[in-house]
Amino acid sequence: MKRSIVRLSFISLLVTAYGICAATTAHAYIKKIQITTRQSPAFGGYSWPGVGQYEKIAGKAFGELDPKDPRNQVLVDLQLAPRNAGGKVEYSFDFYLLKPVDLSKGSHKMLYEPPNRGRKTIVALNRGVGGNDPGGVTDASLLGDSFLLPQGYSLSFSGWDASAGNSSANFNTTITLPVARNADGSPITGPAYEYIVNGGTSYELTYAAATIDRSKATLTHRVHLNDKPEIVPSSGWQYNADGTAIGLLPAGTSFVANDIYEFSYTAKDPTVNGVGFAAVRDWNAWLRYETKDSAGTANPLAGDITRIYTECSSQPCRFLNDFRYLGFNEAENGKPVFDGILQWIGAGDGISMNYRWSDPGRTERNRQDHLYLEGRFPFANVMTKDPITGRSDSRYARCEKTHTCPYAMEIFSANEYWVKAGSLMTTDPAGEKDLPDSPFTRIYFMSSMQHGTGNPASKGNCQQFQNPLDQQGVQRALFVALDKWITTGTLPPPSQFPKLSDGTLVKPDQASTGFPRIPGVTYTGLKTTRYLFNYGPNFYKTGIPTINPPLFAPPYQDNPANGPIYPSFVPKTDADGNDIAGIRLPEVQVPLATYTGWALRAVPHNDDGCEAAGQYIPFPKTKVDRIESADPRLSIEERYGNFETYAARFEQAVNDLVRRGILLPFDAERMLKKNLEDVRKRNRKSSPLPLGEGGAERRVRVARLSQT
């Protein structure tokens, strides 16, 4: 992918100013909405019992920000953005809204999703009803089975992300941002950087080049992460006519897909990307607290909303981490914007939004985008002291001062430990001790999962098959728990994650993790390292780099030459290679395979990290297979003996998750049926689990789940 993430410039000098914002009159607001699509009823007219039909409303919203408002002064380059006659900075974005036609029959709650690079991802939480136009779904079997709509939730989405592009086709949600200029009106220029791995004959730059003089830029190429970058001579590449893209020479030559190219150049015209934070704040605050826009257009949800929750997956979760940290959960009226956040695979990272030359679409993993500032202090939800700078801070410090903190369920996979240094969420930044829970959050580690659900029939660029574990059922149960926590004070399930204190959080070498030596499986212990990067003097106060990218050299892991290091750790495994701590899905509790959150690439990029992927490594089927292959893991035959034993233990594991409030009964029933059907299918092809008497007709015992 082209874009990556640079974490925000958290301007410490503005913290004092921020503290007085509650006493200052705010002028940030949504000035006008323009409805371009109204479909009533939506969903082909489908009606949910007790809730009725829904309608779809989409269009564009126009906002403006007061650069003098202390709430907004944290935004890098806002003071250099053009202003209208009233002295305000203007912007606009797409929005998409689904609501009950009769709001009195709804729940009076709204779920807001910040789209992922313009795309809606709510399908994971909403049981199949999603896509970029969820209101256009007409399949009654999907609609009747959805999760949020039968509960009467309104759903909202809006543009915030510069990397989403400028096309609103198929309800893609984009944002139009101001471009910063020098005080005299001349273009701003500065050092910019691109990481290129996507192949093709042309690569579009995030920012246009200030000059197309190739002697003022450097392109390098390498195959592996730890190879020395080789400079591509200026005769080997060229700009296009307007300096918005580069390509290799001779013309038509493609960048080698998945090889690493890095491009350093002088760019011009930085967009004020941090405005995306204010856009999300003001859109949701307008829906929650206002009745109409300045032109008199009615708020479609006026007077209805009692709660707003937000859910996210991956990149938007990193956005919400910084949204919360920078104080944007305080609306202009001093009230909270979001009551609760359901995070999935965001971990302790931020996003490239509030820096000059930032790129919100970037995402660092253990082979890509290391030089975009994604992970920086503070990493945790409670107050910690940075051992490198001596500064103390928390991701909740700002909202605690204004009494606008959202509650949060933060769920993440094993992949976030390996490629996002996720342990810094739960340890002090010196890596010496575990941290307590914040009173506002619970943290849940999904044991042995990759970054999302993979295809076990595909290896992609990796050495092993992808990891098929699926968190969606747990995600829905924890969403219900979040709602109860906020509305009734019912405490959710306790946090579950690896810890230094009990030995389940360890260094990444094989001896420390205890990962077995499986024939045909390479283990290197490759993980991402968190450094305090040098982007030039005062960068961490101004958000403006003078060195970009920072100086960095192989080896990339735990190399003090690249800067001060924040120690990070990974989960310890059992003898099968499955993670010990956290929420262990039934497939991990009663395993037929080893599941990992990390993976390595195959040839030609062999042993480099395989990014978001994990691994699915099946156990030997029989004792004979195990002995012949010298596999240290017990065979399926030795573990369970027959299908009946396996099925009973799997059912017990499912029931246990229900009892603990980590799985809802209807998701438990589906999980049980699907797993046992899949195992039966595998049995018919090859019989690692002999069917016991009557086993082929064994009825799935799930009736009591609904009574648990």
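Here Lys420 pairs with Glu374 in a salt bridge; the nearest charged N to carboxylate O distance falls below 4.0 Å. A salt bridge is absent between Asp434 and Lys499; no separation between the charged side-chain nitrogens and carboxylate oxygens falls under 4.0 Å. With respect to Asp667 and Lys674, no salt bridge is recorded, no charged nitrogen being found less than 4.0 Å from a carboxylate O. Using a 4.0 Å cut-off between a side-chain N of Lys or Arg and a carboxylate O of Asp or Glu, Lys527 and Asp558 qualify as a salt bridge. For the pair Arg601 and Asp608, the salt-bridge criterion is not met [side-chain N within less than 4.0 Å of a carboxylate O]. Salt bridge annotation for Arg530-Glu364: present, with a cationic side-chain nitrogen under 4.0 angstrom from a carboxylate oxygen.
Proximity of a side-chain donor or acceptor of Arg442 to a complementary backbone N or O of Gln496 within less than 3.5 Å is not detected. Between the Asn284 side chain and the Val280 main chain, a donor and an acceptor come within less than 3.5 Å of each other. With hydrogens and angles ignored, the 3.5 Å screen pairs no side-chain donor or acceptor of Arg584 with any backbone N or O of Ser447. The closest donor-acceptor contact from the side chain of Thr504 to the backbone of Ile580 lies at 3.5 Å or more, if one exists at all.
Taking Phe515 as the reference, Tyr523, Trp598 meet the ring pair (Phe, Tyr, Trp, His ring centres under 6.0 Å) condition, with sequence neighbours excluded.
Taking the side chain as every heavy atom from C-beta outward, Leu600 and Thr524 approach each other to under 4.5 Å. Residues Phe379 and Thr384 form no side-chain contact, since every pair of their non-hydrogen atoms from C-beta on lies 4.5 Å or further apart. Side-chain contact check for Gln472 versus Val123: every heavy-atom pair is 4.5 Å or farther apart. For the pair Leu478 and Pro492, the minimum side-chain heavy-atom distance is 4.5 Å or more. Put simply, the side chain of Ile260 reaches to within 4.5 Å of the side chain of Arg367, judged on heavy atoms. Leu155 has its side chain within reach of Leu149: a pair of non-hydrogen atoms, C-beta onward, lies under 4.5 Å apart. Taking 4.5 Å as the limit, some side-chain heavy atom of Arg318 sits within range of a side-chain heavy atom of Gln315. For the pair Trp418/Thr596, no side-chain contact is recorded, criterion being any heavy-atom separation below 4.5 Å from C-beta on.
Inspection of the Asn321 and Arg324 side chains reveals an N or O donor paired with an N or O acceptor under 3.5 Å. When only modelled atom types and interatomic distance are considered, Arg395 and Asn381 share a side-chain donor-acceptor pair under 3.5 Å. A donor atom on one side chain and an acceptor atom on the other are not found under 3.5 Å apart for Thr487 and Arg307.
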Run Phe479 and Tyr153 through ring-ring contact (aromatic ring centres under 6.0 Å, His included) and show every step you take.
CA-CA 13 Å; Phe479 179 78; Tyr153 274 88; 5.7 Å; yes
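The residue from Tyr309, Trp485, Phe338 that alone fulfils the ring-ring contact (aromatic ring centres under 6.0 Å, His included) condition with Tyr407 is Trp485.
No close placement of the Tyr195 and Tyr372 rings is indicated, their centers lying 6.0 Å or farther apart. Remark: aromatic rings of Tyr396 and Phe440 are close, center separation under 6.0 Å. Here Phe552 and Phe533 bring their ring centres to under 6.0 angstrom of each other.
The ring pair (Phe, Tyr, Trp, His ring centres under 6.0 Å) pairs that include a residue from residues 445-470 are Tyr417-Phe445, where partners are two or more places apart or lie in different chains.
To the nearest 0.5 Å, atom CG of residue Asp428 and atom CG of residue Leu435 are 6.0 Å apart.
More than 12 non-hydrogen atoms from other residues, nucleotides or ligands lie less than 6.0 angstrom from CZ of Arg660.
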